There are 2 protein chains.
Amino acid sequence: MKRSLETIVYKKDTEALAKFAKVLGHPTRIAILKHLESATCCHTGDLVDVFPLAQSTVSQHLKELKNAGLIQGELNPPKIKYCINQENWNVAKKLFQDFFD
Amino acid sequence: MKRSLETIVYKKDTEALAKFAKVLGHPTRIAILKHLESATCCHTGDLVDVFPLAQSTVSQHLKELKNAGLIQGELNPPKIKYCINQENWNVAKKLFQDFFD
DNA sequence: AGTTCTTATCGCAAATGTACGATAGGTAAA
DNA sequence: TTTACCTATCGTACATTTGCGATAAGAACT
C-alpha cells in the first residue's frame with residue numbers, strides 16, 4: 001500500500017468505532033458473538049462443532065474478538081470458557097448508538 | 001485463501017450486519033458518514049479537502065458506502081451531492097440495536 | 001516420565017482491502 | 001467544438017485478512 005507520509009489521525013471515537021466495526025465485519029464473528037450471548041459462555045471446541053471451520057480458524061477469530069475486547073476467556077482446564085466482556089460490550093454498544101443518532 | 005468447498009451460509013441478519021459492519025470498519029468511512037450527517041449533504045470535492053487523501057481514494061470509499069446502501073448520490077452537475085440514505089441507515093441502525101441486546 | 005485432551009500459534013497460500021497517479025467520462029460554459 | 005471542472009474508473013503496489021494443516025503449549029491424569 002503506497003501510503004501518504006503521515007498517518008491520518010481521527011477522533012478517538014471514530015477510531016474506536018471503526019475498530020469495533022472491523023471486528024464485527026465478518027459473519028463468523030457475528031455468529032460467534034450471538035452464540036456466546038445465548039449460551040452465556042462456551043468453549044472453543046463447542047464453536048468448532050458449530051461452524052464448518054478448522055479449529056485453528058475458529059481460534060483465530062476468537063483471538064481477534066479478544067483483542068477487540070468484546071470477549072474474554074477464563075481458564076477452566078483443560079478447556080477455556082469464553083464469555084462476552086460486558087464492560088467493553090457496553091462501550092461498543094454506546095459508540096454505535098451515538099453514531100446512529 | 002484455501003477455502004472449504006462449500007461457502008458457509010449464515011442467517012440473513014448475520015450476513016447483513018456483518019456487511020454493514022465491514023463497511024464501517026474503516027475510520028475514513030466513519031468520518032465521511034459523520035461529515036455527511038452534520039452537513040446534510042456534500043460533494044466529493046468537499047470531502048477531498050477534508051481528508052489528506054487522494055481524490056481517487058475518497059471516491060473509492062464513497063463507492064463502497066454507496067454499495068452498502070448507506071449513502072446515495074444525486075447529480076447536481078457538474079458535481080454530485082452525496083447524502084445519507086435514510087432508509088438503509090435505519091435498517092443498519094436496527095440491526096446494530098438488536099445485536100447489542 | 002508419558003498420555004490425553006484442549007487450545008494457541010506458526011507457516012503458508014490465496015483473496016481482499018487500501019492507497020496512489022493517471023486517465024477517462026460527463027456536463028456546463030465560453 | 002473547445003475548455004474547464006468534477007468525479008469515476010483503471011492499473012498498480014503493497015498490506016492485511018482469511019483459511020488451512022501442522023505443530024507447540026499447557027494442564028490433568030496414569
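What you see is a predicted model, and the numbers here were worked out from it, not measured in a lab.
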With respect to the phosphate group of C:dT6, does any side-chain polar atom (N or O) of A:Y82 fall under 4.0 Å of OP1 or OP2? no

Nearest-Å distance for atom pair NZ/C1', residues B:K19 and C:dT16: 16 Å

Write down the distance between CD (B:Q55) and P (C:dG21), rounded to a whole number of angstrom. 11 Å

On the nucleotide C:dA8, are OP1 or OP2 found under 4.0 Å from the side-chain N or O atoms that A:T44 carries? yes

Rounded to whole Å, how long is the line connecting atom CG of A:N67 with atom C1' of D:dT17? 14 Å

By ring-ring contact (aromatic ring centres under 6.0 Å, His included) - contacts of A:F51 (at least two apart): none

Using the side-chain hydrogen bond (donor to acceptor under 3.5 Å, both in side chains) rule, collect all pairs that involve residues 90-101 of chain B, keeping only residues at least two apart or in two chains. B:K94-B:D98

Test of understanding: with side chain to side chain donor-acceptor pair (under 3.5 Å), list the residues that count as partners of B:K63, not counting sequence neighbours. none

Would you indicate, yes or no, if D:dT17 has its OP1 or OP2 atom less than 4.0 angstrom from a side-chain nitrogen or oxygen of A:K22? yes

Residues in side chain to side chain donor-acceptor pair (under 3.5 Å) with B:E15, at least two apart? none

In whole Å, what is the span from the CZ atom of A:F51 to the C1' atom of D:dC20? 17 Å

Residues 21-30 of chain B side chain polar contacts: donor-acceptor under 3.5 Å, at least two apart:
| from | atom 1 | to | atom 2 | distance (Å) |
| --- | --- | --- | --- | --- |
| B:H26 | ND1 | B:T28 | N | 3.1 |
| B:T28 | OG1 | A:Y10 | OH | 2.2 |
| B:R29 | NE | B:V23 | O | 2.7 |
| B:R29 | NH1 | B:H61 | ND1 | 2.9 |
| B:R29 | NH1 | B:E64 | OE1 | 3.2 |

Residues in contact with DNA chain D, drawn from residues 57-64 of chain A - heavy-atom cutoff 4.0 Å: A:T57, A:Q60, A:H61, A:E64

A:W89 ring center near B:F99 ring center (under 6.0 Å): yes

